[in-house]
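Before any comments, here is the structure.
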Amino acid sequence: MNARSQFPVETSLFGLPEDTPHEKVLLNADPASGLLSIIAIHSTARGPAFGGCRLWPYSDELSALTDALRLSQGMSFKNALADLPFGGGKAVILHPKGEFDRTALFNAFGRAVESARGSYITAEDVGSTTNDMRAVQKQTAYVSGIPRTGLFGGDPSPKTAWGVFIAIETAMSKHLRKSLNGAVVAVQGLGAVGMALCGYLHEAGAKLIVADINVRRVAEAVHRFSASAVDVDLILSTPADVLAPCALGAAMNSVNVTFVSAAMVVGAANNQLGTVEDGDVLHERGILYLPDFLVNAGGIISVAREYLGQANEHSVMQEVALIGGRVGELMERLQGQPPARVAEAWAREKLRC
Ligand code: NAI
């Protein structure tokens, strides 16, 4: 098999099918630290591309490229719908095989970010931490998500959880005409966002059903929030008012989308749908799906305001809560159409401005 034939039809070096090509894709290699990273800049139409950096053990380079392209396109939509003065970009680092020096790796990644000369700004994502961003900061100023004494900043996950909570609360009220008190919410993934989301939902009186591959996190949610635990293979098909996917991408795909048994799907995970057609299936089945790039913008709002130096805790929480109004606007725009498609068209309108 030659190298070219290994590329699945849905990916090219310049972008994804049926999408505008990416403006720029940077491949960075630093043998000394073991860094192999991809910085994907989808659009700078609204400003410099802003999006986190994922460290992940990809099975191969093409999977990493595909992930970077999908995630950066999602950031264009997310930043546009959140009315941020930034375009969409994302970086992925291929997790080095064997032992490696984490500080050296992120220093090298910082140099890669610097080489984009401000057209890309980075922050944490799955697999990277505030400490990693400190290492990036040693090499470039184009980084955010760093705790700063006396100033607003740091881990964006609690703000992401807050935005998803607001979206769930709004959709419960507008779509199901119910409050969260006594509602059943199934949460898939109890990481930084999922656990914080459980906290908000528990406080609002929701009954939680949870699943995670990490049994310690499941035990913690059961203990702290009186949650019921189910097997990871069963969370999608658990009957609930809301399913909140907060693990990894493509949680709903052509194999399992028909299993979803909740009335609505509202969660934090990026790229929850394998394809937009999976959203059509949810729509045909009468399940309201609120697109990730609309509801999980709390984190990027947090790191963007930190980067611009315009923020405090109160102002950011208020700005994140505006996601509720956008959920309402999306529902008015639907007119019987699948929300994933309507939200994407809405974001593309804003990208042209
Ligand atoms: P995390 O890495 O802290 O948590 C992910 C959790 O999902 C882990 O507890 C992991 O054990 C669990 N998990 C993995 N595979 C699973 C499976 N098959 N079934 C059930 N659980 C599984 O990540 P974090 O930061 O909580 O992010 C969660 C999702 O939200 C990711 O998709 C991320 O891209 C997205 N997101 C996160 C933001 C943030 O501010 N952290 C911002 C916007 C999106």
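Numbering of ligands and ligand atoms starts at 1, following listing order. In this chain, residues are counted from 1 in sequence order. The figures here come from the full heavy-atom set of this structure, side chains too, leaving out hydrogens, waters and symmetry mates.
In the candidate list D212, V126, N296, D212 is nearest to atom 20 (C) of ligand 1, counting heavy atoms. The nearest non-hydrogen atom to atom 40 (O) of ligand 1, considering only L71, T160, T129, V295, comes from T160. Nearest to atom 18 (N) of ligand 1 by heavy-atom distance, out of I213, L197, L248, is I213. Among V232, I301, I300, the residue whose heavy atom lies closest to atom 19 (N) of ligand 1 is V232.
The shortest contact between atom 8 (C) of ligand 1 and any protein heavy atom is with R217 NH1, 3.1 Å. The nearest protein atom to atom 4 (O) of ligand 1, hydrogens excluded, is given as G191 CA, 3.2 Å; this is a heavy-atom distance. Protein heavy atom at the shortest distance from atom 3 (O) of ligand 1 is A192 N, 3.0 Å. Of the protein's heavy atoms, V193 N, 2.9 Å lies nearest to atom 26 (O) of ligand 1. In this structure, atom 28 (C) of ligand 1 lies nearest to the protein heavy atom C246 O, 3.3 Å. At the shortest separation from atom 22 (C) of ligand 1 among protein heavy atoms lies A247 CB, 3.6 Å. The protein atom (non-hydrogen) at minimum distance from atom 36 (N) of ligand 1 is A268 O, 3.7 Å.
Less than 4.0 angstrom separates some heavy atom of A269 from each of these atoms of ligand 1: 29 (C), 30 (O), 32 (O), 35 (C). Against a heavy-atom cut-off of under 4.0 Å, P156 is close to the following atoms of ligand 1: 40 (O). Proximity to D125 (heavy-atom distance under 4.0 Å) selects the following atoms of ligand 1: 34 (O). Within the listing of ligand 1, atoms 34 (O) sit less than 4.0 angstrom from a heavy atom of R54. Taking every heavy atom of G189 and a limit of under 4.0 angstrom, the matching atoms of ligand 1 come to 7 (O), 21 (N).
Between H22 and V25 the shortest side-chain heavy-atom distance falls below 4.5 Å. Residues L351 and F77 form a side-chain contact, since some pair of their non-hydrogen atoms from C-beta on lies under 4.5 Å apart.
The closest approach between M195 and ligand 1 stays at or above 4.0 Å for every heavy atom of the residue.
Backbone and side-chain nitrogen or oxygen atoms of G194 are examined, and none is located within less than 3.5 angstrom of a nitrogen or oxygen of ligand 1. Polar contact with ligand 1: present for S157 (N/O pair, distance under 3.5 Å). On a distance-only criterion, G299 and ligand 1 share no N/O pair closer than 3.5 Å. Not a single N or O atom of N214, backbone or side chain, sits closer than 3.5 Å to an N or O atom of ligand 1.
Using a cut-off of 4.0 Å between Lys/Arg side-chain N and Asp/Glu carboxylate O, E329 and R333 are scored as salt-bridged. In this structure, K159 pairs ionically with E313, as a charged nitrogen and a carboxylate oxygen lie closer than 4.0 Å. Taking a cutoff of 4.0 Å between a charged side-chain nitrogen and a carboxylate oxygen, E114 and K138 do not qualify as a salt bridge.
Between G191 and D212, the closest heavy-atom pair is N-OD2, 4.1 Å.
Taking the six-membered ring wherever Trp is involved, the centroid distance between the rings of Y120 and F50 does not fall below 6.0 Å.
Of the residues listed (V295, V327, V266), the one engaging I168 in a side-chain contact (heavy atoms from CB on, under 4.5 Å) is V266, and it is the only one.
Summarising the local packing, CZ of R117 is surrounded by 12 or fewer heavy atoms from other residues, nucleotides or ligands at distances under 6.0 Å.
With sequence neighbours left out, the salt bridge (Lys or Arg N to Asp or Glu O under 4.0 Å) criterion links D125 to R54, K90.
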